[in-house]
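These values consider heavy atoms only, across backbone and side chains, with no hydrogens, waters or symmetry-generated copies.
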Amino acid sequence: MLMPIVAGILFADSGHQLNINLYRIFFPICMVLGVGGVLFTYFGVHERVIVSNNFVHRVKFWQGAKELSQNKYFWIITVFNVFANLRAVANITNWICQFSFESATAKTIANLFCTTLLMNAFIVGMVFSPALIKRWGKRRVMLMSAIGYAAMLLLQLLVYKNPYLVLFASFCQNLFGGFSFVSSMMVSDVLDYQQWKTGKRLEGFWQNYAGFITTLIGVFTGMLTPLFLSFGGIGFGDDLNTALRDTTLRDNAYFYQTLLGLIGCVICALPLFFYDLTEDKHANYVRALKLRAAAENFRDGTLTDKDYVNVREVLDYANEKNDAFVLEEIARHDCLQEINARADAVLEKVKAQERKADLEAFAHDLELEFKRADARVEKLRKKAQKKGETFDEMAARQKAVSKMQYLRYFNQAPLSAYQTFDAAMEDLEAVYDAVEAR
């Protein structure tokens, strides 16, 4: 969002986003933020891989590559990612901002508003994807994204001579493109399926093998851009900064670049029609992995509280839904009924631990709420003193407390009973239970 703004302010007369100094400013910043993101992910994210306590990752690279080569979901996602990169060549917004607007003012406005707005269009897909996945599933969300993207590229192909309509089409492309990150979530689902099928975890192999294939294919797809530009009269060695100042060559470049992106978009959408790993199937694969991990831990004498919880949850689900897939998996492990028989005491302990953790988190949030209420009361006190008015602290505190997220629904006692954090802490469990019930 900031790059086009800085480019428009500092480098309006020297190339806008083509000025190398722009990247000398932003790349170090992005590096620091990127490292911070990696550290947050490493230390702050819960590992959801389901394996037994004594599980050891021992898979040779070529063995992992061979097994992934036999997984159709691997090829579906890899082909999508490869040609999603190809469809991205149709994003000609930098060319539009640089060469389709004549004056420095028009270029600055284009960079300040158009490009900034275009890039933030991705956020829509990132924000709404979880809700849409719950409603439609990952496959349908990805199909919607790919088909919508293709439709907007087709629009761009029809209006390529109008820079304003191209920017509008690009904005819509980014709206649909923001959902594409769902493909990385699909990778996690497929890896669970791969583990269920083969007993092996292949995260590292997926990245390395997919990267190898993407690089190999990229050698050929990378040749397509200069090839298609040559169809429009721009030679392989021609300077684009010079060629795109010619109106005819510029229009040709816009057309053939968009056509190439549309071809890539159609190709990357086709494999998604064959992706049939639904959320229900994946959930059952995870249930099977939980049972297998518990059975292995039982044999090794390393059962954990989590194993007892998992076995009880899966058995209850299988009995309630009469799910043939899960019932078949249960029948393979003789020890599950014995684990289930011992689960009651463990479940009570786990429930107590979870309640204690919930109460601690609730107390922390409640303390923050009271601090905000105290700050609000103090602000009103100073305001009243400044005006020389009488200050009713009790009324101000009641009003501030009544707006608190947790206490505004608590109607079992008057709010005046909880005017301070210490008062609420004395009755913490009652407050927590009332909020949970609400």
Side-chain angles (χ1 to χ4, degrees), residues 32-50 53 123 126-131 133-134 290 303-313 316-317 342-438:
V32 172
L33 294 176
V35 171
V38 170
L39 294 176
F40 170 79
T41 302
Y42 182 81
F43 291 106
V45 175
H46 175 65
E47 177 62 75
R48 296 184 181 276
V49 173
I50 302 168
N53 293 330
I123 297 174
M126 298 176 184
V127 170
F128 290 102
S129 284
I133 288 172
K134 285 185 177 181
K290 288 179 178 179
L303 276 173
T304 64
D305 292 346
K306 191 64 176 176
D307 290 324
Y308 287 102
V309 173
N310 287 340
V311 169
R312 174 61 63 83
E313 288 179 349
D316 288 346
Y317 167 84
R342 297 193 224 158
D344 289 335
V346 175
L347 292 175
E348 286 297 324
K349 183 180 73 172
V350 170
K351 186 177 179 180
Q353 291 173 343
E354 290 177 347
R355 180 174 175 80
K356 181 181 178 181
D358 289 343
L359 283 171
E360 290 176 352
F362 179 74
H364 174 72
D365 292 338
L366 202 59
E367 184 177 16
L368 294 178
E369 289 262 40
F370 271 107
K371 285 182 178 180
R372 282 193 286 267
D374 292 342
R376 175 63 177 167
V377 171
E378 188 61 27
K379 182 178 179 180
L380 292 174
R381 182 203 307 278
K382 290 180 179 179
K383 186 177 180 181
Q385 289 176 347
K386 186 175 181 180
K387 293 182 177 181
E389 298 174 350
T390 302
F391 179 64
D392 188 342
E393 181 174 350
M394 180 62 70
R397 184 167 294 279
Q398 285 182 340
K399 185 176 180 180
V401 171
S402 67
K403 294 181 178 181
M404 289 169 55
Q405 177 182 350
Y406 296 111
L407 291 186
R408 61 182 174 177
Y409 297 125
F410 187 62
N411 299 317
Q412 294 184 5
L415 287 172
S416 59
Y418 302 106
Q419 290 298 296
T420 65
F421 174 65
D422 291 337
M425 283 295 290
E426 292 176 1
D427 206 12
L428 181 63
E429 293 204 27
V431 177
Y432 176 79
D433 290 337
V435 172
E436 284 293 295
R438 181 70 185 220

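- Checked by atom type and distance alone, the side chain of Asn310 pairs as donor or acceptor with a backbone atom of Lys306 at under 3.5 Å.
- No side-chain donor-acceptor contact under 3.5 Å links Asp316 to the backbone of Glu313.
- Among all heavy-atom pairs drawn from Ala400 and Val377, the shortest one is CB-CG2, 4.2 Å.
- One finds the CD1 atom of Ile133 at 13.5 Å from the CZ atom of Phe128 (value rounded to the nearest 0.5 Å).
- Residues Val346 and Asp307 fail the side-chain proximity criterion, which asks for heavy atoms closer than 4.5 Å.
- Using a 4.5 Å cut-off on side-chain heavy atoms (C-beta onward), Tyr432 and Arg355 make contact.
- Residue Lys399 holds its NZ atom at 12.0 Å from CG of Asp392, rounded to the nearest 0.5 Å.
- Atom CG in Leu359 sits 9.0 Å away from atom CE in Met425 (nearest 0.5 Å).
- Heavy-atom neighbours of Phe391 CZ from other residues, nucleotides or ligands within 6.0 Å: above the threshold of 12.
- Atom NZ of Lys379 is separated from atom CG of Asp374 by 14.5 Å, given to the nearest 0.5 angstrom.
- For the pair Lys290/Val311, no side-chain contact is recorded, criterion being any heavy-atom separation below 4.5 Å from C-beta on.
- In this structure, the salt bridge (Lys or Arg N to Asp or Glu O under 4.0 Å) partners of Glu378, at least two apart in sequence or on a different chain, are Arg381.
- With sequence neighbours left out, the side-chain hydrogen bond (donor to acceptor under 3.5 Å, both in side chains) criterion links Asp305 to Lys349.
- Tyr308 places a side-chain heavy atom less than 4.5 Å from the side chain of Arg342.
- Distance check, rounded to the nearest 0.5 Å: CD of Gln353 to CG of Asp358 gives 12.0 Å.
- With sequence neighbours excluded, no residue forms a side-chain hydrogen bond (donor to acceptor under 3.5 Å, both in side chains) with Arg372.
- Proximity of Asp344 to Arg312: side-chain heavy atoms (C-beta onward) are separated by under 4.5 Å at one or more points.
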